[in-house]
There are 2 protein chains.
Amino acid sequence: MLHVPPIHSQSYVGALRPYHSHSLTAEASSALEQVGTDLQKPAKSVVFRQGESADFIYFVQSGALRLDYQIEDGRNLVLDFLWPDRFFGIMETEVYAWSAVTLVDVHLKRFRRNAMLALAQDYPSISTLLLQQKTASLMAAKNHIILMSYPTATSKLIGFLLAYSKQQDYFDPIAQVLTLIMSRKDIADYLGMTFETTSRIFRYLETENYIKKINHRQIQLNIKKLESA
Amino acid sequence: MLHVPPIHSQSYVGALRPYHSHSLTAEASSALEQVGTDLQKPAKSVVFRQGESADFIYFVQSGALRLDYQIEDGRNLVLDFLWPDRFFGIMETEVYAWSAVTLVDVHLKRFRRNAMLALAQDYPSISTLLLQQKTASLMAAKNHIILMSYPTATSKLIGFLLAYSKQQDYFDPIAQVLTLIMSRKDIADYLGMTFETTSRIFRYLETENYIKKINHRQIQLNIKKLESA
DNA sequence: CGAGTATTTGAGCAGCATCAATAAGAGTGG
DNA sequence: CCACTCTTATTGATGCTGCTCAAATACTCG
């Protein structure tokens with residue numbers, strides 16, 4: 001059975017509590033189950049591309065992805081990072097407005113959009129689910145905007161690290177070690193800076209004892225110090 | 001019969017926008033009508049404040065507003081500008097995560113959140129409407145992120161002017177004159193820069209004949225030149 | 001008309017981008 | 001397992017953009 005936990009927040013905007021604390025009814029859940037198929041993708045593979053026909057809606061069962069928006073000037077913008085329990089690809093348009101790329105091996109559930117939207121007409125709890133998931137996307141976008149509005153690259157990166165450290169799959173709260181599954185460039189493209197700046201700020205944070213690099217992808221965080229910065 | 005335009009439709013000039021839509025059935029429409037009340041607000045008034053109990057959902061019938069997010073460090077961030085045909089204040093949390101402030105005199109429709117969400121359980125078309133409106137908010141946020149990612153203040157401001165000039169209430173396509181209903185500071189707080197920079201870029205755009213200032217709030221745009229920049 | 005607010009403009013400096021060169025790590029095949 | 005290649009990350013030097021602080025001007029509203 002497909003169990004969708006209530007949205008939890010990694011947010012600066014505020015904790016996100018569902019209006020009705022709820023998951024799907026048993027009937028809605030099994031109806032959804034019948035139109036969904038399991039799907040596995042290796043790391044660094046494309047789930048869908050910007051501009052492709054938006055025929056499917058996806059759900060992250062495990063792993064992580066990033067959403068890329070290709071700008072006309074050639075730059076790539078990372079719009080969001082997706083973690084387990086998130087739906088994505090819920091478009092109102094014919095085509096996907098951005099691409100979805102896996103960062104690690106992922107386990108997805110895939111639904112035909114037509115089928116899912118038809119079910120939403122019959123099962124109010126599916127409509128509510130879709131609305132909650134859209135809300136989750138919107139809150140993530142608002143948090144992203146807030147991060148990008150920070151006046152310095154240092155505060156942006158600190159904000160990013162603190163938000164990221166809420167992801168229990170990649171942060172060990174005992175050892176305080178964060179496993180970076182995305183590249184310096186991905187982080188830079190998310191925060192609106194160059195990857196050289198990202199790298200330099202990591203260096204600066206280490207000299208000031210905010211973090212300690214174990215290797216390129218493993219970083220020990222001094223959470224308290226980062227939070228008070 | 002209720003008629004709400006699809007989210008990508010263009011607004012028509014001057015008239016009051018009904019929230020009635022193709023997506024709402026007659027029953028859903030009249031049910032909604034019974035829980036909605038008309039509301040007028042003068043320019044520069046607060047519709048709701050960040051942190052207040054999120055009891056109402058609003059619909060813009062005419063006018064324009066901005067959504068403000070107050071950051072702990074004292075800065076104010078403009079998250080979005082709202083135009084006619086947009087719902088706002090659809091929260092999943094107990095309280096509003098940002099404030100809504102009118103830029104000009106506005107005509108709103110106000111719905112009790114409890115009532116509206118209860119109706120959504122009975123009328124699938126109301127759920128669809130809410131989902132569409134969330135999508136509109138999300139697309140606006142994504143466009144905002146794209147704007148903020150532009151590498152220079154000049155390109156951000158050009159992007160803002162071009163997007164804003166799609167608002168037929170405030171852009172005269174014959175004279176090519178855009179009426180700015182928000183301050184330099186509002187624009188700066190939306191784009192993530194200082195208002196001095198906003199002012200300087202306006203000056204620069206005028207020297208390069210991208211725009212011509214009629215006065216502080218009326219600006220003639222050379223759309224073609226701006227688009228090719 | 002006067003007081004308060006919004007906007008413009010100036011000077012100097014800090015932070016980030018750019019261009020460039022190394023270094024570290026990951027992947028592959030012998 | 002090592003040698004080779006390719007990718008990712010780091011570090012350096014330099015210049016420009018946009019921020020800060022400051023002052024003057026324009027506009028708004030009672």
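Note: hydrogens, waters and symmetry copies are ignored here, and every other heavy atom, side chains too, is used. In what follows, chains are A, B, ... by sequence order, proteins preceding strands, each numbered from 1.
Here A/Lys213 lies in heavy-atom contact (under 4.0 Å) with sugar-phosphate atoms only.
What separates CD1 of B/Ile211 from P of C/dT7 is a distance of 14 Å, to the nearest Å. Here the C1' atom of nucleotide C/dT7 and the CZ atom of B/Phe202 are 11 Å apart, to the nearest Å. Following rounding to the nearest Å, B/Phe195 (CZ) and D/dC21 (C1') show an atom-to-atom distance of 11 Å. Across the protein-nucleic acid pair, B/Tyr204 atom OH and C/dG10 atom P stand 17 Å apart, rounded to whole Å. Regarding A/Ile201, its CD1 atom lies at a distance of 13 Å from the C1' atom of D/dT10, rounded to whole Å. In this entry the distance linking CD of B/Gln218 with C1' of D/dA26 reads 16 Å, nearest Å. Rounded to an integer number of Å, the gap from CZ of A/Arg184 to P of C/dA17 is 16 Å. If you take CG of B/Asp189 and P of D/dC19, they are 11 Å apart, rounded to a whole angstrom.
In this structure, B/Lys225 forms a cation-pi arrangement with B/Tyr210, its terminal cationic atom sitting closer than 6.0 Å to the ring centre and no more than 45° off the ring axis. Figure legend: B/Arg184 and B/Phe195 shown without cation-pi pairing, the cationic atom not lying both under 6.0 angstrom from the six-membered ring centre and within 45 degrees of its axis.
Not less than 6.0 angstrom separates the ring centroid of A/Phe56 from the ring centroid of A/Phe48.
Regarding contacts with the backbone of D/dT7, every side-chain N or O of A/Lys185 stays at 4.0 angstrom or more from both OP1 and OP2. Distances shown here put a side-chain N or O of A/Ser199 below 4.0 Å from the OP1 or OP2 atom of D/dT10. Between A/Arg217 and the phosphate of D/dA9, there is a side-chain N or O to OP1/OP2 separation shorter than 4.0 Å. Of the side-chain N and O atoms in A/Thr194, one or more sit less than 4.0 angstrom from OP1 or OP2 of C/dA17. The phosphate of C/dC16 has neither OP1 nor OP2 within less than 4.0 Å of any side-chain N or O from A/Thr197.
Put simply, the side chain of A/Arg200 and the base of C/dG15 share no donor and acceptor less than 3.5 Å apart.
Positionally, the nearest nucleotide of DNA chain D for A/Thr198 lies more toward the 5' end than for the other of A/Pro151 and A/Thr198. Residue whose closest nucleotide on DNA chain C sits further toward the 5' end, between A/Thr152 and B/Arg203: B/Arg203.
For B/Glu196, counting side-chain heavy atoms from C-beta on, the closest listed nucleotide (C/dC19, D/dC27, D/dT20) is D/dT20.
Between A/Trp83 and A/Tyr170, the ring planes are tilted. Angles from 30° to 60° get that label.
Atom NE2 of B/His144 and atom CG of B/Leu67 lie 10.5 Å apart (nearest 0.5 Å).
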